[in-house]
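The structure appears right after this line, and notes come after that.
All heavy atoms count here, side chains included; hydrogens, waters and symmetry mates do not.
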Amino acid sequence: MEIGLAVGGAFLSSALNVLFDRLAPQGDLLNMFQKHKHHIQLLKKLKMTLRGLQIVLSDAENKQASNPSVSDWLNELRDAVDSAENLIEEVNYEALRLKVEGQHQNFAETSNQQVSDLNLCLSDEFFLNIKDKLEDTIETLEVLEKQIGRLGLKEHFGSTKQETRTPSTSVVDDSDIFGRQNEIENLIDLLLSEDASGKKLTVVPIVGMGGLGKTTLAKAVYNDAKVSEAYKADHFGLKAWYCVSEAYDALRITKGLLQEIGSFDSKDDNNLNQLQVKSKESLKGKKFLIVLDDVWNDNYNEWVDLRNLFVEGRMGSKIIVTTRKESVALMMANEKISMDNLSTEDSWSLFKRHAFENMDPMGHPELEEVGKQIAAKCKGLPLALKTLAGMLRSKSEVEEWKRILRSETWELRDKDILPALMLSYNDLPAHLKRCFSFCAIFPKDYPFRKEQVIHLWIANGLVPKEDEIIEDSGNQYFLELRSRSLLEKVPNPSKRNIEESFLMHDLVNDLAQIASSKLCIRLEESQGSHMLEKSRHLSYSMGEGGEFEKLTTLYKLEQLRTFVPIYIDVNYYSLSKRVLSDDITQPKFSIPASPDEKKLILVLPHLASQ
């Protein structure tokens, strides 16, 4: 799988939405140009051209991985949209400059009519410069628009989910299970017990992020000797395993379940009604254990239709569901089993089982030392532990192990880790892709507050302004990302920060960086890198010393949209006194771009962790 599939476009889509908002008929921007009718016509032409490009954007994102020409086209479009956005920001900056210099002291509280009067303060030279830039930008966009037909791009609204996971089976290797004994025992007890409420059917969801071992846990209990004996002892016992996966298809699921329980007839191959009637009859009056692995669909009506196949089973019938989405679990049952990361000890045991299967770790102490560091890097994620260990099992040179230790996860493109996690990204709707990708701005292991993230989303136009209560929408976005196991709550916050905090698993953070196409980065990790010049959203850790030396690289970042200081220690205030305004709640930050020039950069210091 190509890891770069349909990434980066989230921010392009967001930038377009921001531009459309700025170019609204009654917006401040058009009011500001009332004196210059030709400029207004150019702005309207810019908007219509962008609309024509927007309708093929989703199709281009889906095709960029397989078509280099489309990828190049998208990159050129991104640069052109950046130019348009810069142009709009140049006008806003000029208005802000006039306000700061006192020419419009009450500009922030003026009416639209007063805003339109601001153009009287802008020079003819300024408007002429804007006109030339507008025409250049529109010309570039029109060239890109003419290439749409040649590239075969079509109008497409929404995203195409792609099947990227090999279907699971119930076959399990018991020797490959570490650190899940309590969960296994509790789940077995649940499967062998009668429902206290007297329900015939009990659904047990297993929830957790990709790679945590949900399927492995389900396999362990499905194949457990006590469970198997219990169903053999029941004359009407049935067991079935079916991998549902991303693309929900009632016909495929029903057919697969019938094949599992041995009642499938090819004559009913494509008749959903006959297949479902037969499925219900096959399960009627029987006690069954069914595993629905890898469920993504949280459409309640479709779940009710599927559940109707099982409701006439005997008392004690159970369905195990594995899913990454809490919304699926809550739709199906009142209680769920939440998977946690493996402990350090269990992580090492799993890693050692695969990496040292053909050699004794005691005989290779140097490899064992590096191996423990690699295992720690996986942060208790079984999929990552097995994948990296599998890469190393045939390597005996310590330098080869150190190379894996030094590697970023996205450099291991041919392996299973990020493709498995990418499923979670692909399943996100477009607005959540933008918000998730933006979280790449935070360092690994950095505990951030919900309000901090939501305010940054709003400031960058990632939460639509047309929403009646924009903060409520941002809150819903955040909760949805958390319910999909992409954000996790910090279990034991420090005494210094008793507020509820959240973070991303290191590998989810890697996924966010890839999804943002490196548009969201951390200053410390990109010094001297070409990525820095392409970045749009930037954070840096305060309190590490050499503050101004680190900031000198910002002078050439013409595309910078967000600049967020991440508070680390008390040295934060020494920087605040030198470069931030006295009122740190104001989004202003001034640094010299050259000896005779000042450059305003957006900063949100009040959003830094307190």
Side-chain angles (χ1 to χ4, degrees), residues 172-187 206-221 223-224 322 324 337-412 414-421 443-447 485 488-492 503-511:
V172 66
D173 178 2
D174 292 334
S175 66
D176 204 26
I177 301 174
F178 294 86
R180 302 299 189 197
Q181 198 54 43
N182 289 336
E183 289 95 330
I184 291 173
E185 291 176 0
N186 292 337
L187 186 50
I206 304 174
V207 187
M209 70 174 282
L212 264 182
K214 303 180 295 296
T215 299
T216 300
L217 174 59
K219 287 181 179 183
V221 298
N223 291 284
D224 182 80
T322 71
R324 302 186 191 190
I337 296 175
S338 296
M339 299 286 287
D340 295 321
N341 296 346
L342 294 178
S343 66
T344 301
E345 181 180 353
D346 290 325
S347 294
W348 171 238
S349 296
L350 178 58
F351 182 88
K352 184 170 59 174
R353 152 83 166 78
H354 288 275
F356 290 97
E357 187 173 25
N358 299 324
M359 56 182 165
D360 180 8
M362 299 297 291
H364 300 81
E366 70 286 355
L367 296 183
E368 182 177 10
E369 180 182 351
V370 179
K372 287 183 177 180
Q373 296 178 59
I374 295 173
K377 181 179 180 179
C378 295
K379 296 293 181 68
L381 192 69
L383 175 64
L385 289 160
K386 289 175 63 176
T387 301
L388 295 184
M391 293 173 61
L392 294 168
R393 60 188 287 126
S394 61
K395 302 182 186 300
S396 57
E397 297 294 328
V398 67
E399 189 53 42
E400 293 179 296
W401 286 54
K402 288 182 177 179
R403 183 184 63 81
I404 297 297
L405 177 62
R406 292 190 299 264
S407 297
E408 297 288 0
T409 311
W410 58 77
E411 294 174 356
L412 310 174
D414 58 332
K415 300 306 171 185
D416 298 328
I417 305 170
L418 285 173
L421 296 179
K444 292 180 178 178
D445 295 321
Y446 172 70
S485 306
E488 55 188 85
K489 186 177 178 181
V490 176
N492 298 306
L503 50 74
M504 294 188 290
H505 189 283
D506 282 4
L507 294 174
V508 176
N509 190 294
D510 288 345
L511 175 64

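Residues passing the side-chain contact (heavy atoms from CB on, under 4.5 Å) test with L367, sequence neighbours excluded: F356, M359, H364, V398, W401. Considering only residues two or more places apart in sequence or on other chains, N182 meets the side chain to side chain donor-acceptor pair (under 3.5 Å) condition with none of them. In this view, E397 and E400 satisfy the side-chain contact (heavy atoms from CB on, under 4.5 Å) rule, not counting sequence neighbours.
By the 4.5 Å heavy-atom criterion applied to side chains, L421 and M209 are counted as neighbours. Considering only heavy atoms from C-beta on, T216 stays 4.5 Å or farther from R180 through its side chain. Proximity of I177 to I184: side-chain heavy atoms (C-beta onward) are separated by under 4.5 Å at one or more points. Taking 4.5 Å as the limit, every side-chain heavy atom of M339 sits out of range of all side-chain heavy atoms of P382. Using a 4.5 Å heavy-atom cutoff, the side chains of Y446 and N509 are not in contact. No side-chain heavy atom of I337 sits under 4.5 Å from any side-chain heavy atom of V207. Counting heavy atoms from C-beta outward, L187 and I206 have side chains that approach closer than 4.5 Å.
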Checking salt bridge (Lys or Arg N to Asp or Glu O under 4.0 Å) for the pair E399/R406: CA distance, chi angles, key distance, verdict?
CA-CA 10 Å; E399 189 53 42; R406 292 190 299 264; 2.8 Å; yes

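Using a 4.0 Å cut-off between charged nitrogen and carboxylate oxygen, K444 and D510 count as a salt-bridge pair. With respect to the salt-bridge test (charged N to carboxylate O, under 4.0 angstrom), the residues E183 and K214 do not qualify. Salt-bridge check for K372 with E368: passed, with a basic side-chain N closer than 4.0 Å to an acidic carboxylate O.
Remark: the backbone N or O of A375 is not paired with any side-chain donor or acceptor of S347 at under 3.5 angstrom. The main-chain N or O of K379 is found under 3.5 Å from a side-chain atom of H505 such that the two form a donor-acceptor pair. Side chain of K377 to backbone of L405: a donor-acceptor contact under 3.5 angstrom is found.
Nearest heavy-atom pair across F178 and S349 is CD2-CB, 3.6 Å. Considering every non-hydrogen atom in both G380 and L212, the closest pair reads O-CD2, 4.1 Å. Contact record, P447 with V490: CB-CG2, 4.0 Å, taken as the closest heavy-atom pair. T322 approaches A218 most closely through the heavy-atom pair CG2-CB, 4.0 Å. Scanning both residues, S485 and G208, for their nearest heavy atoms gives OG-C, 3.5 Å.
The distance from atom CG of D506 to atom CG of D445, rounded to the nearest 0.5 Å, is 5.0 Å. For the atom pair CG (D173) and CG (N223), the distance works out to 11.0 Å, reported to the nearest 0.5 Å. With rounding to the nearest 0.5 Å, the separation of NZ in K402 from CD1 in I374 is 11.0 Å.
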